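Because the structure is a prediction, the values reported are computed rather than measured. Every number for a ligand or one of its atoms is a count from 1 in the order of the listing.
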Amino acid sequence: MTLDALLKEGESRLREAGVPDAALDARYLLMEVWEMSLAELLARRQRPLGVPKEAEGREPDGENGEKVRRYRELIGLRARRIPLQQILGVQEFMGLPFRVNEHVLIPRQDTEALVELVLKEQKGRRASLLDMCTGSGCIAISLMRLGDFCSAAAADVSRQALETAAENARLLLKGERMVRFVESDMLEAFGPEERFDVIVSNPPYIPTGVIEGLEPEVRDHEPRLALDGAEDGLKFYRILAEKGREHLAAGGYIYMEIGWDQAEPVTELFGEAGYRDVTVTRDMAGLNRVVRAVWPGKGEEEDHV
Ligand code: GLN
C-alpha cells in the first residue's frame, strides 16, 4: 500500500458521494493525518507504507495502520458531506487561520472584499468598531489585526459562536488588541448611549426558500441561524438600517456583506432610512458584495426631511 493508492481510494469514495473537489479533498485529509506538506506528499506518495494489504486478510497495524484507519474515517465524514473545513477545524481568512466548527459560518473569500474595503476607507482613523453577527469572529479579528481601530466589540445571538470567536481572538490577537464579545440579538444588548464609528456585518441573508437548494455542506452542516434571512432574505438589513441609526456616531459608517442580487433592495433600504453616500462594491468574482452607508447624524437627518 502507498499514499498514492490511498489517495485514489479516498478520491473515488468522495466522488461517489458527489463531493465536488474529490481529489483535492482526499489530498488535504491525507496531508492532515500524516502531518505532511504537499512537497513531502509528492516525494513520498509512491513509497510502500509497510502496511499489509487487506486482501491478505489482515487489518493494517503499527503507526501507519493507525493512520490508514484515521484517514478512512475522515474520508467517511467528508463522504457524508461534512464540510472539509469542519473536519480540519480551520479556514484561512485574510491570511489568518480561523478555528471553525458546526456553530459558525465558515469564513468565505467573498467576505474579504468587505474587510479590504473597511481597511481602505478607515485607515488612520482610530475608529471604534462593532461587528454584528460575528460568527467565527473573522471580520472583527482580522480588522483588529490589520487595521488601527481603537476598540472593537463583536456580537452574536449564538453563545456557541461567541465561544468560538473568543477562542479565535485568544489565538490570533495579542496584547492590547482585544475584542469585547457580546451576546445579543442584533443590537438589543447595546444601550441607547452606545455608539460606534464603524459597524460591520455579514448577517444571514439567504431567503428561506433558497436554502433547501444549496449544497449539502451548507444546507445540512452550517448553522441555519447564520444563513436564513427570512422570506425575502432582507430581514437583518431592515434591522441594521433602523437600529444602526441609534448606534452609529454622526458621520459613522456601516458596511454589510450582501447576496449578489441584493444591492438594489439594500441600497434602497438605507437610502430610505436617511443614510448618505450609499455605495456598492464588488468581490473578486465581480459580483456585488458589499453595501456601505454613512449615517449623517440625527440633526442633519431632520434638516433634510
Ligand atoms: N455567503 C454565504 C453563502 O452563500 C451566506 C452568508 C450569509 O448568509 N451571510 O453560503
Asp110 and Trp260 side chains, donor-acceptor separation under 3.5 Å | no
Look at atom CZ of Arg159 and say whether more than 12 heavy atoms of other residues, nucleotides or ligands are closer to it than 6.0 Å.
-> no
For atom 4 (O) of ligand 1, which protein heavy atom lies nearest, and how many Å away is it?
-> Ile206 CD1, 4.1 Å
Students should find that the hydrophobic cluster of Val100, defined by side-chain heavy atoms under 4.5 Å apart, otherwise consists of Val104
Name the closest protein heavy atom to atom 10 (O) of ligand 1, giving the residue it belongs to and the distance to 0.1 Å.
-> Arg108 NH2, 2.8 Å
N/O separation below 3.5 Å, Pro203 to ligand 1 | yes
For Asp110 and ligand 1, does the shortest N/O to N/O distance drop below 3.5 Å?
-> no
Under 4.0 angstrom from ligand 1, any heavy atom of Gly229?
-> no
Ion pair check, Arg80 and Glu73, cut-off under 4.0 Å | no
The atoms of ligand 1 lying under 4.0 Å from a heavy atom of Leu227, numbered in the order shown, are 8 (O)
Sequence neighbours excluded - side chain to side chain donor-acceptor pair (under 3.5 Å) pairs with any residue from residues 132-154 | Asp131-Thr134
Nearest neighbour in protein (non-hydrogen) for atom 8 (O) of ligand 1 | Tyr205 N, 3.1 Å
